[in-house]
> 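Mind having a look at this structure? Questions to follow.
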Amino acid sequence: MSSASEAAEAFRSVHGRPPSGVWSAPGRVNLIGEHTDYNDGFVLPFALPHRLAAAASPRADQVLTVSTLGSDGRIQEARPVTIPDLRPGGVDGWAAYPAGVAWVLRDHGVERGADVVLAGDVPTGAGLSSSAALECAVALALLGLAGEDDPGLERRAEIARWAQRAENDFVGAPTGVLDQTASLCCVDGHVLFLDVRSGEMEQVPFDAAAAGLRILAIDTRVKHAHSEGGYGERRKGTERAADLLGVKALRDVEPGDLDSALAQLPGELGPLVRHVVTENQRVLDVVALLRDGRIGDIGPLLTASHVSMRDDYRISCPELDLAVEVAEANGALGARMTGGGFGGTAIALVPESAVDTVEAAVTEAFDRAGYRAPRAFVAVPSPGAGRDEL
């Protein structure tokens, strides 16, 4: 059963009637370009087939009710909230995400209440943007109930920034706009080349299967949370570095000027700057290769990205490092962690013939190390968010 059908069925269970509609949004894998978004840089995500669906109906009042169908089949109901009374810090836990979206949309004229029931299969805490999928699905649902049912690309980019504001200012997680933009703006069979500063987007074809390759996602099952300290510390560090260098953002530091920039900074900020500057260049290099149809040549850039995140940005963990190392030792052309870090998922560019070998080797290595068994799946670029037909 699809996530949309599950959400609709759960809505009937909770409210005794069918929903007015169902909207869903995908999780994402970031092929390359990590922690560059909040530095006005470049990112290259694609949407996953895993989705979070919001079944919804309007209410006559200004109350928002939200329930979620858990992986155990049980429905959990959040405390109803009155939209005009919403304030940051007033809702906690998972319910803060849909409440935060309603809080932001209130500033854009959407104040009517709604009943919302959520269901989906985006793994939580895996670095695959389950929170952004939730925000984007709820945003489209509330906008759809208000009469805006199929926003265009420019409008979707605006909605992504609204969803980011919900996560930043209501939930308190200092994320960039990569995840929400990917969930709303990615299209089937492509990676999204996004210039965060200008907002310019390019849908770059990405058909790994045609090249005899696969993107294998390896969920280490080490949970991470963006609202915890490590992510915010890195962001503050890069903002401080940009201020010390006299630039708007680290996007403005050219690779050829990196050594000069590092010489002007205290030692603890240098590695953060080196990662952002070199990561931006790696995104540009990967895009150039993909435009030429050279998917198989991007592997070394993926690996270089992981080394940079491990050694300079210091956001990896032993499980991610082991997944990358073992994948490469067993045939992967390149591998890296994806997402905010401190746990979550690694991706590997793997020849189709080696997928089972890599998955088995990583699972065995985790077992030997005493880690939880990882979960692996082939990640395929999939459609972005939208209204579902039931």
> Below 30° counts as parallel, above 60° as perpendicular, anything between as tilted: where do the rings of Tyr371 and Phe366 land?
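It falls in the perpendicular class, over 60°.
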> Classify the angle between the aromatic ring planes of Phe11 and His15 as parallel (below 30°), tilted (30 to 60°) or perpendicular (above 60°).
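Rings of Phe11 and His15: tilted, as their planes differ by 30° to 60°.
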> Going by the side chain to side chain contact (heavy atoms under 4.5 Å, CB included) test, name the single residue among Leu349, Leu301, Ile215 that passes it with Leu31.
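Looking at Leu349, Leu301, Ile215, the match for Leu31 under the side chain to side chain contact (heavy atoms under 4.5 Å, CB included) is Ile215.
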> Could you tell me whether Asp219 and Arg375 make a salt bridge, using a distance below 4.0 angstrom between a side-chain N and a carboxylate O?
yes
> With a 4.0 Å cut-off, would you call Arg106 and Glu111 a salt bridge?
no
> Is it true that Arg251 and Asp195 make a salt bridge, defined as a side-chain N closer than 4.0 Å to a carboxylate O?
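Yes, this pair counts.
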> For Thr338 and Asn30, which I'm curious about, is there any donor-acceptor pair between the side chains at under 3.5 Å?
no
> Does atom CD (Glu154) have a neighbourhood of more than 12 heavy atoms from anything else shown, all under 6.0 Å?
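Counting neighbours around CD of Glu154, 12 or fewer heavy atoms of other residues, nucleotides or ligands fall under 6.0 Å, so no.
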> Taking atom types as modelled, is there a side-chain donor on Thr175 or Gln164 under 3.5 Å from an acceptor on the other?
no
> Do the charged groups of Arg310 and Asp321 touch, with an N to O distance under 4.0 Å?
no
> Considering only NZ, NE, NH1 and NH2 on the basic side and carboxylate oxygens on the acidic side, decide whether Glu148 and Arg155 come within less than 4.0 Å.
yes
> May I ask you to check whether Glu167 and Gln180 show a side-chain donor-acceptor distance below 3.5 Å?
yes
> Is there a side-chain hydrogen bond (donor to acceptor under 3.5 Å, both in side chains) between Asp115 and Ser57? Walk through the geometry before answering.
CA-CA 5 Å; Asp115 295 318; Ser57 287; over 6 Å; no
> Any luck finding a side-chain donor-acceptor pair between Trp23 and Asp149 under 3.5 Å?
yes
> Does the pair Glu34/Arg336 count as a salt bridge with the N-to-O cut at 4.0 Å?
yes
> May I ask you to check whether Ser308 and Arg282 show a side-chain donor-acceptor distance below 3.5 Å?
yes
> Is Lys248 paired with Asp252 through a side-chain N to carboxylate O contact shorter than 4.0 Å?
no
> Would the Phe46 and Phe193 ring centres measure less than 6.0 Å apart?
no
> Is the shortest side-chain N to carboxylate O distance from Asp179 to Arg28 below 4.0 Å?
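Answer for the salt bridge query: yes.
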